[in-house]
Protein chains: 2
Amino acid sequence: MATRLSDVAARAGVSVKTVSNVINDYPHITARTRAKVEAAIAALDYKPNVSARSLRKGRSDFIALAIPEMGSPYFAELGAAISRAAKRRGITVLIDQTEGESAAERFVLDGMRGQLIDGIIFSPLATAPAKLTSADTGKPLVLLGERPAGGQFDRVAVDSVRASYDATTHLLSLGRHRIAAIGVGGTSTGAVRRKGYRKALKAAGMPHDPALELAATGYHRLDGAASMRELLALPEPPDAVFCFNDLLALGALRTLADAGLRVPEDIAVVGFDDIEDGRYHSPSLTTISPDKEWLADNAVALLLDRIAGNGGSTHRDLTVPHTLQIRESTAG
Amino acid sequence: MATRLSDVAARAGVSVKTVSNVINDYPHITARTRAKVEAAIAALDYKPNVSARSLRKGRSDFIALAIPEMGSPYFAELGAAISRAAKRRGITVLIDQTEGESAAERFVLDGMRGQLIDGIIFSPLATAPAKLTSADTGKPLVLLGERPAGGQFDRVAVDSVRASYDATTHLLSLGRHRIAAIGVGGTSTGAVRRKGYRKALKAAGMPHDPALELAATGYHRLDGAASMRELLALPEPPDAVFCFNDLLALGALRTLADAGLRVPEDIAVVGFDDIEDGRYHSPSLTTISPDKEWLADNAVALLLDRIAGNGGSTHRDLTVPHTLQIRESTAG
DNA sequence: CTGAAAGCGCTTACAG
DNA sequence: CTGAAAGCGCTTACAG
């Protein structure tokens, strides 16, 4: 165990500097020297010590991804995509679950894992980015999600207003008149998506009905199921529902199945996220599909660019492409 | 930025050794000295450099979790639970996605991330643990899953034979006679679960019918849907199906819905894993529910115990408690 | 192209 | 209880 650089140097008959040069792919090394060193590395099964390297260089090639919960399908899929995108670039991702708690989010930003991390991709829930300053982090940070970056950070996000407008317009095009929305409360996600929802109604010359706009405590199946029950209890229930994420929609579908209502005949349902569950559900779920690979790739690229010291003081705001995936929950 | 231990020492008017003692909670420090140091730490917003600490101590308090894919619900839920369990003990988890590829698994074990990691929790897919030696890892390793540890490693796993026996027996108790199994092929998971399935049939005095045992390429919804189509094409289709994980079951349910068959009236379905999707599906999915919190907690505890140098040469094999969750897919 | 040496920020015997 | 010093394994100016 514990073979060191100097062991490799001794075996290859060169200086440690030369070995280091080979490992780090520096120029000006003869092919013969390189071969000798590589043979020694292989023979000794040498692995560089990342702690030492990181201590010396001030860079670790580790980045953090802070998300509310990795057990949630959207974040699980996103985390998987970001890990893959980072690995392609030789970077390792540390995943932090904040559970959406302010203290945990603060801790992640504050600590930056004792300077091990080179930068962070942060999906805030409790923390308002506007309240953050770069002093809080000390290291590059890329924001994910709806919350405005306040011009202080780079950010990559779906155009949620536009996407919600698209989803609602689709429901309208089906001839639905009473279109409910689930998930309006609380988070800024709710506020932004409601904006697009209302905008679409307005464009169609329809007023929005506050009774059809349901807040949700969380964005889980449980919340969607409960909200749907409320909607069904209305004197005049909706004929369509736009749920602000797929989990809410899946919960709503469950309530509709229990109530014996047909989807989409009695009520059409649209979600947001395009998680795998929705594609296989019966009925399969019509949803807004953000390009997660694009998101992952660009978030990582943006962060690495910052870490490399590029970009200056102007912050970039990237819009993730999205499409509307029409499936059975609106199209029979 | 970059406040160092010596800065804290200077400000507090003590030696670096004393500051280090305070940070590491060593005894023999007067309350007054401790207060002075803590004030200086707070004033300077000092954070210890983990690279330096890890280099010096040879321990990082980081462990790795190597799983096939974190986007898959079971592993996402498990990863979340393991991260939480580790955090409770002051340990950080690095998640490695191996995609079930042999090379990636080898890389994780080999590299151990350049000695940064103190140990690993490993859920192998391609690598046979029997082929591993502790020399491959050099650091403590805890195995997850069906594959026998060959007496060389600690392991924590569900008793899959028993669980599969339970699932099949439940179907039998419902009076079903043609009980199919999906997922028998390829992995050792398939082999082990088939063993329990056949055992239950045998105990009930029923022969097993090879035509009803379907191999699956993967353990995803897609595979379950395809296998179910094959079963329905049989001259005499089954009246019950035991799917070796929930994703397969969810795919099978999709096929049944498309075919217009009623669950459980026409065909009863049981899964394995108890992922959240199954609980909200309509019909909700009867499944084997392994105690994931227990699994996470014990896997982490076991690994930390090893890292601490305990346990000697005898390896422990822990059995995760499981229950059968009876839901609509078998109980109307 | 290579060698000898300093230093990244800690922890830890070793003296006092 | 505290101080001065070595050393963990690298990378990197600095000379040659």
Side-chain angles (χ1 to χ4, degrees), chain A residues 1-38 40-41 44-62 90 111-118 138-139, chain B residues 1-38 40-41 44-62 90 111-118 138-139:
Chain A
M1 292 210 30
T3 319
R4 281 159 303 131
L5 199 57
S6 56
D7 300 328
V8 176
R11 175 161 186 134
V14 301
S15 74
V16 294
K17 169 73 167 119
T18 302
V19 179
S20 179
N21 284 346
V22 169
I23 291 173
N24 294 291
D25 254 341
Y26 289 149
H28 307 310
I29 301 185
T30 60
R32 239 185 100 249
T33 307
R34 176 181 298 276
K36 261 195 313 191
V37 170
E38 281 170 351
I41 288 176
L44 298 173
D45 193 29
Y46 169 70
K47 311 270 161 42
N49 180 308
V50 292
S51 295
R53 169 179 290 175
S54 157
L55 175 58
R56 185 56 238 249
K57 298 187 70 164
R59 269 201 57 178
S60 63
D61 290 336
F62 279 66
M112 261 321 170
R113 295 219 173 281
Q115 307 161 44
L116 177 70
I117 255 44
D118 293 336
K139 304 243 174 133
Chain B
M1 293 212 29
T3 318
R4 282 159 304 130
L5 199 59
S6 57
D7 300 327
V8 175
R11 175 158 184 135
V14 300
S15 73
V16 293
K17 168 74 166 120
T18 304
V19 178
S20 179
N21 284 345
V22 169
I23 291 173
N24 294 291
D25 254 342
Y26 290 150
H28 306 310
I29 301 183
T30 60
R32 239 185 99 248
T33 305
R34 174 181 300 276
K36 260 197 314 195
V37 170
E38 282 169 349
I41 288 175
L44 297 173
D45 192 28
Y46 169 71
K47 312 267 161 42
N49 180 309
V50 291
S51 295
R53 170 180 292 175
S54 157
L55 174 59
R56 185 56 236 250
K57 297 187 70 164
R59 269 201 55 177
S60 63
D61 290 337
F62 278 65
M112 263 319 173
R113 294 219 174 281
Q115 308 161 43
L116 178 71
I117 256 45
D118 293 335
K139 304 243 174 133

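Proteins come first, then strands; the chains are lettered A, B, ... in the order of their sequence lines, and each starts at number 1.
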Point to revise | Under 3.5 Å: donor-acceptor pair, side chain of A:Asp118, backbone of A:Arg59 | key: no
Would you indicate what [X] reaches in the nucleic acid, counting non-hydrogen atoms under 4.0 angstrom: base, sugar-phosphate, or nothing?
X	result
A:Thr33	sugar-phosphate
A:Ser15	base
B:Thr30	sugar-phosphate

Point to revise | Dot-bracket encoding per residue of DNA chain D, Watson-Crick/G-U cut-off under 3.5 Å, | denoting interstrand | key: |||.||||||||.|||
Between atom [atom1] of [X] and atom [atom2] of [Y], what is the distance when rounded to the nearest 0.5 Å?
X	Y	atom1	atom2	answer
B:Lys47	A:Leu116	NZ	CG	14.5 Å
B:Lys57	B:Asn24	NZ	CG	5.5 Å
B:Arg4	B:Leu44	CZ	CG	11.0 Å

Exercise for review: Applying side chain to side chain donor-acceptor pair (under 3.5 Å), name anything that partners A:Lys17, two or more places apart in sequence or on another chain.
Suggested key: A:Asn21
**Study point:** Test item: side-chain donor near acceptor, A:Ser51 and A:Ser54, under 3.5 Å
**Key:** no
Check your understanding: Do B:Thr3 and B:Asp45 come close enough that some side-chain heavy atom pair is under 4.5 Å?
Key -> no
Check your understanding: Considering only heavy atoms from C-beta outward, does the side chain of B:Ile41 approach that of B:Ile23 to under 4.5 Å?
Key -> yes
Point to revise | Per-nucleotide protein contact string for nucleotides 8-16 of chain D, where B marks a base within reach and S marks sugar-phosphate only (heavy atoms under 4.0 Å, - for neither) | key: BBBBBB---
**Study point:** Interatomic distance at C1', D:dG16 relative to D:dT12, whole Å
**Key:** 16 Å
